[in-house]
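Step one of this worksheet: look at the structure below.
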Protein chains: 2
Amino acid sequence: MSQTDTVSRILDAAEVLFAERGFTETSLRTITSTAGVNLAAVNYHFGSKKELIQAVFERFLTPFTDALESELDRRIASGQPLRVEGLLESLYRVGLGSLSERGLDPQRFMRLLGLAYTQFQGHLRRFIVSRYGESYRRFAGLLAEALPGVDPVTFYWRLYFMLGATIFTLSSYDAIEAILREDFGAQSSLQETLERLVPAASAMLKVEAS
Amino acid sequence: MSQTDTVSRILDAAEVLFAERGFTETSLRTITSTAGVNLAAVNYHFGSKKELIQAVFERFLTPFTDALESELDRRIASGQPLRVEGLLESLYRVGLGSLSERGLDPQRFMRLLGLAYTQFQGHLRRFIVSRYGESYRRFAGLLAEALPGVDPVTFYWRLYFMLGATIFTLSSYDAIEAILREDFGAQSSLQETLERLVPAASAMLKVEAS
DNA sequence: GCCAGAGTTAAACAACTGTTTTAAATGATG
DNA sequence: CATCATTTAAAACAGTTGTTTAACTCTGGC
């Protein structure tokens, strides 16, 4: 088994298990036995469990932010003014499209993102902010430009409202979808849910102060 | 030290520590030493750590849902038609008011609620649904009545969007507020944040399908 | 005054945690 | 082919976890 093979098998297993159970609830022994590698391989290749967690996020977030940056470049190059709906569509299309192209599961991605915010791993929050903060600020800046009437503080609170609605809903997507299917017999795909989310989140961002 | 004293000291300590660190990350030894009681007291009084977690939520949720039910009764008795903004205001006012009256911290309450959704404690989700599902369905039903033009499936997705925005934002309230204070020098109280949340969430619920 | 039962205490339990060690095996390079 | 760093393997490490035990103290009712 080559080195890269061992490394990516560990990442594959850790990604799935972390998304299913959380970080503390997933032991290195569970990860390595699922991956079919030796227990010591984690500490050898990654150094520690913390660094493994960060590596899992890096493999997720780098293609995502790269694709988002190119998408934003494309939109800006087109010369058309940026609208709120378009920016959110870009965000969700990139999350759905570019990740699944690379064989990454977008729901797992959202579950992991939700974990990063709610589990108490200070190192992880710091890692994400330092590595991906710039992309985040760029997107937020463009969104703010598309909302000229909204004062900055109100805008930022609404940005968090939007993030909360997105991360919370998509990270529990399976559970919510199952409830709705049982109660209404209506299936909704992830795609359809995002199509509901775009106008809803846009309305929330744009609403006139009452 | 009387029995009720020991029980509530354990609940007090567990409530704070769970909200700060999560369930798995908080050991019974940390709880009991913070509470100043013996380690075995948890298993003696509550049976297990799981049941202690449920007891913490019960102490939070029962006064909250009771107060929400009375508030809804009052609104209905007033005879005025129920509007979306009014229902959300009721929800938030009860969360802010009735809890702090009893000396409970509303932010801690929200952090715990967020944990209940994102940590992987199947027993906790089941406990909350079975104990408080009826209050939840009553509130959701009234909200749906105030939104006659929205089809049921869309309504339920938007309800989850709203829950996500609320729980995510308020459970990270301290962190978000600190960032905004640093970047804009503008303080916002929890009260003010809820006043921003009411129109934003209402707009999200009411938006016409595009 | 005494005694049953509730409450508390310290100690020990077995299981599990992340990490390290030591030795063997592997694989590329000269 | 021999060499040496890289990689794997199994075992042991020290620490923590939730839970249980058994002896102890205290209190309220007769």
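Order of the sequence lines sets the chain letters (A, B, ...), proteins ahead of strands, with each chain counted from 1.
Taking atom CG of residue N38(A) and atom P of nucleotide dA9(D), one finds them 5 Å apart after rounding to whole Å. Atom CZ in F46(A) sits roughly 18 Å away from atom C1' in dT20(C) (whole-Å rounding).
Every side chain to side chain donor-acceptor pair (under 3.5 Å) that K206(A) has, sequence neighbours left out, goes to E85(A).
A salt bridge links R74(A) with E71(A): the distance from a Lys NZ or Arg NE/NH1/NH2 to an Asp or Glu carboxylate oxygen falls below 4.0 Å.
Ring pair F127(A)/F57(A): centre-to-centre distance not below 6.0 Å.
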B/S/- contact track for nucleotides 15-22 of chain D, protein heavy atom under 4.0 Å: --BBBB--
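Taking only side-chain nitrogens and oxygens, H45(B) never comes nearer than 4.0 Å to OP1 or OP2 of dA6(C).
Rounding to the nearest 0.5 angstrom, the gap separating the CG atom in L170(B) from the CG atom in L197(B) is 6.0 Å.
The aromatic rings of F64(A) and F109(A) sit tilted, their planes meeting at an angle between 30° and 60°.
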